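Computation of the quantities below employed the complete heavy-atom set of this structure, encompassing side-chain atoms and omitting hydrogens, waters and symmetry-equivalent molecules. It should be emphasised that the depicted structure is a prediction, and the values quoted were computed from it without experimental measurement. Each residue takes its place number in the sequence, starting with 1.
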Amino acid sequence: MNSDASIDVAIVGGGIIGICAAACLAEAGRYVTVFDRTGICEETSSGNAAAFAFSDVLPMAHKGMIRQLPKWLADPLGPLSIPPAYLPKLLPWLIRFWRAGAPAKYEASLAAQAGMMKLAEAEWMGLLDRSGTRGMLREDGSLELYESEAEFRASLPGWAIRERFGIGFRHVEGEELAGLQPGLSPRFIKGTFVPGWKTVADPKLLGKAVWAYAQTKGARFEMARIERVATDQHGATLTLADGTTRQARHLIIAAGAWSHLLARQFGDRIPLETERGYNTTLPKSAFDVKRQLIFSGHGFVITPLETGLRVGGAVELGGIERPPNYARSKALLQKAQKFLPGLDPAGGREWMGFRPSLPDSVPVIGRAPGGRPVIYAFGHGHLGLTQAAATGRLIRDLVLGQTPPIDLAPFSPQRF
């Protein structure tokens with residue numbers, strides 16, 4: 001494509017958010033080009049835990065987490081770690097995170113997430129059907145596990161909040177617990193089964209399949225690193241790493257953990273941080289896991305995929321430049337062996353990805369200030385896959401000038 005060619009809608013980011021936005025816009029007859037430096041669904045969207053976590057409405061800054069922070073931070077391989085050298089840079093974000101736990105802010109975030117999740121489930125089911133990918137959906141529910149009566153009791157306020165929003169679950173123990181997941185360590189005395197929890201066969205394969213559908217509607221892809229973005233009265237100009245430019249009428253920034261760097265070029269300072277997540281994907285034969293297992297006290301999950309058994313999670317607030325610390329994925333795998341005593345840890349593939357996180361756990365979805373033809377769609381944290389179809393629908397509505405199905409004020413880029 002030469003620099004004179006104009007694009008209708010340019011999307012920076014070929015992860016699941018950008019893919020779903022492209023599919024929704026292409027369905028509406030818009031000419032969309034997605035730009036990404038590595039390919040479609042090749043980075044963070046490829047290695048996540050594969051959950052459609054529609055019941056995961058609690059903001060990260062909920063009271064239980066704030067209470068556990070000191071204990072977790074004391075363990076460098078625990079559920080949450082911060083490299084000491086990164087702490088000074090992270091401090092402003094942590095202060096915002098702490099403030100987001102204040103009751104009024106927390107309730108506002110909770111309500112926004114609950115509305116977003118309801119939309120996300122409806123939009124995903126529709127998109128799966130339209131794209132012919134419904135067969136990649138798994139509706140086996142999830143099982144959250146507790147090692148003590150105290151840990152179980154500490155979870156109850158969170159379940160009461162979910163109940164307020166109509167989320168179904170039941171607490172299990174004894175034979176019912178063993179039946180939901182045979183071979184569990186006896187250290188787990190209780191669990192909570194969420195029948196409506198869904199997973200996908202493999203997040204990378206799903207993303208590529210949704211993209212293939214978007215292509216049938218006319219969406220295009222260009223592999224390129226976007227170095228600079230700018231706007232004028234005609235639209236947006238994207239400058240690529242090779243020095244060439246592309247013109248677009250509308251620009252969508254959906255570049256995950258790198259999005260705030262592009263937003264800053266417009267003068268918008270959005271407090272995005274990076275939750276670095278780790279996992280190991282074992283061969284399918286490693287253990288017969290029946291459904292996603294959630295070890296919330298340890299900050300990780302085990303997901304059975306079509307392509308293997310994925311053991312992953314945890315949060316390392318360490319930015320986008322530090323090299324991976326794979327001791328974290330190894331620590332998760334060691335715990336998984338204790339929790340599932342028959343697990344075969346051999347033949348695993350380690351991975352690290354960048355979750356783009358905002359202090360209040362609510363993504364930025366909305367127009368850039370100043371009347372520019374720019375829409376932001378990032379900051380979904382560990383809910384990018386879950387909320388992607390809803391975000392795609394909302395982006396489509398913004399581009400088309402239609403009224404979105406939910407109030408976008410809580411998601412405003414200007415809220416900071």
Side-chain angles (χ1 to χ4, degrees), residues 9 11 13-34 40-42 45-46 48-57 113-142 165-168 194-221 252 254 291-292 303-307 310 363 365 377 380 382-400 402-406 408:
V9 184
I11 298 176
I16 195 65
I17 301 295
I19 292 165
C20 286
C24 291
L25 285 162
E27 285 177 328
R30 304 308 288 254
Y31 295 98
V32 182
T33 300
V34 172
I40 293 293
C41 215
E42 288 291 343
S45 296
S46 70
N48 61 62
F52 278 159
F54 301 124
S55 60
D56 195 1
V57 295
Q113 285 288 52
M116 182 66 162
M117 290 302 198
K118 196 172 178 183
L119 179 67
E121 184 160 15
E123 291 297 327
W124 257 125
M125 296 311 110
L127 183 55
L128 291 174
D129 285 341
R130 297 193 305 276
S131 60
T133 54
R134 190 70 176 249
M136 301 179 87
L137 182 67
R138 296 180 169 184
E139 302 185 76
D140 304 316
S142 65
F165 291 100
I167 294 161
V194 182
W197 188 275
K198 299 171 175 63
T199 56
V200 300
D202 181 282
K204 181 175 179 175
L205 296 181
L206 175 65
K208 288 185 180 293
V210 171
W211 172 249
Y213 166 69
Q215 283 183 303
T216 69
K217 301 291 181 183
R220 298 177 63 258
F221 174 72
I252 316 297
R291 53 188 45 82
Q292 187 169 73
T303 314
L305 303 177
E306 182 185 293
T307 47
R310 185 158 289 166
I365 303 170
H380 296 74
H382 57 278
L383 297 170
L385 175 64
T386 302
Q387 297 182 341
T391 303
R393 160 70 191 273
L394 295 168
I395 296 304
R396 185 200 74 187
D397 290 346
L398 287 169
V399 170
L400 299 183
Q402 296 176 348
T403 304
I406 60 173
L408 287 183

*Asks:* Does the pair Val32 and Ile252 meet the rule for a side-chain contact (heavy atoms from CB on, under 4.5 Å), with working shown?
*Replies:* CA-CA 10 Å; Val32 182; Ile252 316 297; over 6 Å; no
*Asks:* Decide yes or no for Asp56 and His382: does some side-chain heavy atom of the first lie under 4.5 Å from some side-chain heavy atom of the second?
*Replies:*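 A side-chain contact exists here, since the closest heavy-atom pair is under 4.5 Å.
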*Asks:* Which heavy-atom pair separates Ala209 from Thr133 by the least distance, and what is that distance?
*Replies:*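 Closest approach of Ala209 to Thr133, heavy atoms only: CB-CG2, 3.6 Å.
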*Asks:* Closest heavy-atom contact between Thr303 and Ala50?
*Replies:*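 Minimum heavy-atom separation between Thr303 and Ala50: CG2-CB, 4.2 Å.
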*Asks:* Between Gln292 and Ala49 (side chain of the first, backbone of the second, donor and acceptor by atom type, cut-off under 3.5 Å), is there such a pair?
*Replies:*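 Yes, Gln292 side chain to Ala49 backbone: donor-acceptor pair under 3.5 Å.
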*Asks:* Does some side-chain heavy atom of Ile395 sit less than 4.5 Å from a side-chain heavy atom of Ile11?
*Replies:*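 Ile11 vs Ile395: side chains apart.
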*Asks:* Between the main-chain N or O of Cys24 and the side-chain N or O of Arg393, is there a donor-acceptor pair closer than 3.5 Å?
*Replies:*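 Flag not set: sc Arg393 to bb Cys24 has no pair under 3.5 Å.
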*Asks:* Can you name the nearest heavy-atom pair linking Leu119 to Pro405, along with the distance?
*Replies:*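 The answer is CD1-CG, 3.7 Å.
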*Asks:* Would you sort out whether Lys198 and Glu121 count as a side-chain contact (heavy atoms from CB on, under 4.5 Å), showing the intermediate values?
*Replies:* CA-CA 10 Å; Lys198 299 171 175 63; Glu121 184 160 15; 2.9 Å; yes
*Asks:* For residues 210-219, run the donor-acceptor check on the side chains, cut-off 3.5 Å, and write out each pair with its distance to 0.1 Å, sequence neighbours left out.
*Replies:*
residue : atom : partner : partner atom : Å
Tyr213  : OH   : Glu27   : OE2          : 2.4
Thr216  : OG1  : Tyr213  : O            : 2.5

*Asks:* Heavy-atom distance under 4.5 Å between the side chains of Met136 and Glu306, does that happen here?
*Replies:*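 Not touching, per the 4.5 Å side-chain cut-off.
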*Asks:* Should Leu383 and Gln113 count as side-chain neighbours, where that means a heavy-atom distance under 4.5 Å?
*Replies:*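 In short, these two side chains touch, coming nearer than 4.5 Å.
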*Asks:* For Trp124, what residues pass the ring-ring contact (aromatic ring centres under 6.0 Å, His included) criterion, not counting sequence neighbours?
*Replies:*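 With neighbours one apart ignored, the set is Phe52.
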*Asks:* A side-chain contact here means heavy atoms from C-beta on lying under 4.5 Å apart; do His380 and Thr386 qualify?
*Replies:*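 No, every pair of side-chain atoms sits at 4.5 Å or beyond.
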*Asks:* CD1/Ile365 to CD1/Ile406 distance, rounded to the nearest 0.5 angstrom?
*Replies:*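 CD1 of Ile406 is found 6.5 Å from CD1 of Ile365.
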*Asks:* Are the side chains of Thr391 and Pro363 in touch, meaning some heavy atoms are under 4.5 Å apart?
*Replies:*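 Thr391 does not reach Pro363 side chain to side chain.
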*Asks:* Step by step, work out the side-chain contact (heavy atoms from CB on, under 4.5 Å) result for Leu394 and Glu123.
*Replies:* CA-CA 10 Å; Leu394 295 168; Glu123 291 297 327; over 6 Å; no
*Asks:* Determine the minimum heavy-atom distance between Ser46 and Cys41, stating which atoms define it.
*Replies:*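 Between these two residues, the closest heavy atoms are CB-O, 3.2 Å.
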*Asks:* Out of curiosity, Ile17 CD1 to Gln387 CD, how far, rounded to the nearest 0.5 Å?
*Replies:*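 Reported value, rounded in 0.5 Å steps: 7.5 Å.
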*Asks:* Any heavy-atom pair between the side chains of Met116 and Val57 that's under 4.5 Å?
*Replies:*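 They are not in side-chain contact.
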*Asks:* Quick one: closest heavy-atom pair of Ala28 and Leu400, and the distance?
*Replies:*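 Taking Ala28 first and Leu400 second, the nearest heavy atoms are CB-CD1, 3.9 Å.
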*Asks:* Determine yes or no for a side-chain-to-main-chain donor-acceptor pair under 3.5 angstrom, with Asn48 supplying the side chain and Ser45 the backbone.
*Replies:*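 Yes, Asn48 side chain to Ser45 backbone: donor-acceptor pair under 3.5 Å.
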*Asks:* Can you tell me how far CG of Leu25 sits from CG of Leu398, rounded to the nearest 0.5 angstrom?
*Replies:*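 One finds 10.0 Å between CG of Leu398 and CG of Leu25.
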*Asks:* Please check if the side chain of Arg291 supplies one atom and the backbone of Asp140 the other of a donor-acceptor pair under 3.5 Å.
*Replies:*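 Yes; judged by distance alone, with no hydrogens or angles, the pair exists.
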*Asks:* Is it the case that more than 12 heavy atoms not belonging to Tyr31 sit under 6.0 Å from its OH atom?
*Replies:*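 No - once you tally the heavy atoms of other residues, nucleotides and ligands closer than 6.0 Å, there are 12 at most.
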*Asks:* With rounding to the nearest 0.5 Å, note down the distance linking NZ in Lys208 to CD1 in Ile40.
*Replies:*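 So the gap between those two atoms works out to 7.0 Å.
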*Asks:* Do Thr199 and Pro304 come within less than 4.5 Å of each other through their side chains, counting heavy atoms only?
*Replies:*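 Side-chain contact under 4.5 Å: no.
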*Asks:* Rounded to the nearest 0.5 Å, what separation is found between the CD1 atom of Ile16 and the CG atom of Leu385?
*Replies:*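 Separation between the atoms: 6.0 Å.
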*Asks:* How close do Ala389 and Leu127 get, counting heavy atoms only, and between which atoms?
*Replies:*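 So the minimum-distance heavy-atom pair works out to CB-CD2, 4.2 Å.
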*Asks:* What distance separates Leu137 CG from Leu128 CG, expressed to the nearest 0.5 Å?
*Replies:*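 So the CG of Leu137 and the CG of Leu128 are separated by 6.0 Å.
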